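Every value quoted in this text rests on a predicted model; they were computed, and no experiment measured them.
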Protein chains: 2
Amino acid sequence: MALAQAIMTSLLDADLSGSELARDFEKSMGFFWQSTHQQIYQELRKLADKGWLNKREVNQSGKPNKNVYGLTLAGREALADWVFGPTKVQPTKDELLLKLYNLSDDNVEHVIGEITHRREEVMQRLYLYEAIRRRHYDDPGSLPVRHKGVYLALASGIHQGEQFLSWCDEALTLLATVTGSSGH
Amino acid sequence: MALAQAIMTSLLDADLSGSELARDFEKSMGFFWQSTHQQIYQELRKLADKGWLNKREVNQSGKPNKNVYGLTLAGREALADWVFGPTKVQPTKDELLLKLYNLSDDNVEHVIGEITHRREEVMQRLYLYEAIRRRHYDDPGSLPVRHKGVYLALASGIHQGEQFLSWCDEALTLLATVTGSSGH
DNA sequence: CTAATCGATGCAATTTTTTGCACTAATAGC
DNA sequence: GCTATTAGTGCAAAAAATTGCATCGATTAG
């Protein structure tokens, strides 16, 4: 959707190669914007064609050469302009909710298992986010403007995680009554 | 992703035509699973070919004929089996978060505007959800099993909405300090 | 030395989603 | 009666995302 902008944003601070970007997308930026290396490579080429990125080949000792991309002036301007354009949201599609619509005595146990599992995953992620917050964003008020924004994106992830945990608790409580009363 | 299952789930209680489904997708099911009528029509044809749905043409007085689809036994079984399969999640991609990464003195005002706007939208939606909850799911504990599941999907939307509102408040508070101190 | 392995890069086919249009039949305005 | 509009259905091209491979060097095992 706005993969182009996600990539350019990653390049704001440092020039990166395709694989470096792909790795970055598993960390920070990737917390809320997933992408695969294939997509990234393609998009990089497009952006270079457009003149928003410049590419320079870096010879590496021992390893194959890597192509490092950096924002051009035009790229920076395009990115800055983009902020004022329309904002798309692609809402989550979670098959778990769909499964809930199909809840039955036959599958409650299974669904409970899935919820429990997801709860665990989200909790792990939440620990990570909290650790980052504590480490880098202890006092948001005193951060430079741009970092305030980055902090808020992180905060969004934290809020969502917490919300999910509390939903899980409600769900598990309610579903426990089903298995409990229906016996077996 | 699992559009097929989303459609079949909508057909659990009643047979529907393409346009009726499309309208449904703007309501209940569509609260957490968006789709367009084009996609729905295509998927309906595929599912009918697979033998999971049957199609019957209904002549309507005055209007063009409509094709009404219903679940076949095979369809019901496939749907029931699907619940036990792997669960995919397609996490939200929200350009607003990307914009936050690009926060600057030049665009804070604009971003604040966008957040405020979204806050309003989410609040509206939340009112709707709450109304549905109050009307149909007053006492979740006493609902039949399947409706408990449906209720939990709704509850998920409510939790998410509330989470978003509280995030908005944090964000607006923090960003107010930026515009406040930078003056002008 | 040769073959198997690995990490980084990338092409290409397939599938999914989006976008734009087109047809049909009723309805409304003139 | 003729044209414009609207609701329901659907095709098809384009764009985006996913999946599966393919290459290219260096590295390790035999």
Peer 1: So which nucleotide from dA17(D), dT19(C), dG10(C) ends up closest to the side chain of Lys93(B)?
Peer 2: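 Given the options dA17(D), dT19(C), dG10(C), the side chain of Lys93(B) is closest to dA17(D).
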Peer 1: What pairs meet the side-chain hydrogen bond (donor to acceptor under 3.5 Å, both in side chains) rule with one or both residues in residues 72-101 of chain A, with sequence neighbours excluded?
Peer 2: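 Output for this query lists Thr87(A)-Lys99(B), Thr87(A)-Glu114(B), Thr92(A)-Thr92(B), Asp94(A)-Arg118(A), Lys99(A)-Glu114(A), Lys99(A)-Thr87(B).
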Peer 1: Hey, would you say the Tyr41(A) and His37(A) ring centroids sit under 6.0 Å apart?
Peer 2: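 Between His37(A) and Tyr41(A), which both carry aromatic rings, the centre distance is below 6.0 Å.
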Peer 1: Write down the distance between CG (Leu16(B)) and C1' (dG8(D)), rounded to a whole number of angstrom.
Peer 2: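 Between C1' of dG8(D) and CG of Leu16(B): 15 Å.
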Peer 1: Grab the CG-P distance between Leu3(A) and dT17(C) for me, whole Å please.
Peer 2: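 After rounding, the gap between these two atoms is 17 Å.
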Peer 1: In this structure, how many angstroms lie between the C1' atom of dT6(D) and the CZ atom of Arg23(B), rounded?
Peer 2: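 It is 13 Å, rounded to the nearest whole Å.
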Peer 1: Show, in sequence, the C-alpha distance, side-chain angles and deciding distance for Glu20(A) and Arg23(A), and conclude whether the salt bridge (charged side-chain N to carboxylate O under 4.0 Å, His left out) test is met.
Peer 2: CA-CA 5 Å; Glu20(A) 289 162 343; Arg23(A) 246 174 281 123; 5.6 Å; no
Peer 1: Could you check how far CG of Asn67(A) sits from P of dC24(D), rounded to whole Å?
Peer 2: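 It is 15 Å, rounded to the nearest whole Å.
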Peer 1: Rounded to whole angstroms, how far apart are CD on Gln34(B) and P on dT16(C)?
Peer 2: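 Atom-to-atom, Gln34(B) to dT16(C), this comes out as 19 Å.
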Peer 1: Mark yes or no for whether Lys55(A), through its side chain, and Tyr69(A), through its backbone, hold a donor-acceptor pair below 3.5 Å.
Peer 2: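 No, Lys55(A) side chain to Tyr69(A) backbone: no donor-acceptor pair under 3.5 Å.
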Peer 1: A side-chain contact here means heavy atoms from C-beta on lying under 4.5 Å apart; do Asp15(B) and Leu71(B) qualify?
Peer 2: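 No. Closest side-chain heavy atoms not under 4.5 Å.
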Peer 1: What is the distance from CD of Gln90(A) to P of dA16(D), rounded to the nearest Å?
Peer 2: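 After rounding, the reported distance stands at 12 Å.
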Peer 1: Atom CG of Leu21(A) to atom P of dG10(C): distance rounded to whole Å?
Peer 2: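 Computing the Leu21(A):CG to dG10(C):P distance gives 12 Å.
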Peer 1: Indicate yes or no: at least one non-hydrogen side-chain atom of Met123(B) is less than 4.5 angstrom from one of Leu165(B).
Peer 2: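 Met123(B) vs Leu165(B): side chains touch.
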Peer 1: Pick the nucleotide of DNA chain D nearest each of Ala2(A) and Gly18(B); which residue has the one closer to the 5' end?
Peer 2: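 Upstream on the strand: Gly18(B).
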Peer 1: In residues 35-51 of chain B, which residues come under 4.0 Å of DNA chain D by heavy atom?
Peer 2: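 Going residue by residue through residues 35-51 of chain B, the ones with a heavy atom under 4.0 Å of DNA chain D turn out to be His37(B), Gln38(B), Tyr41(B), Arg45(B).
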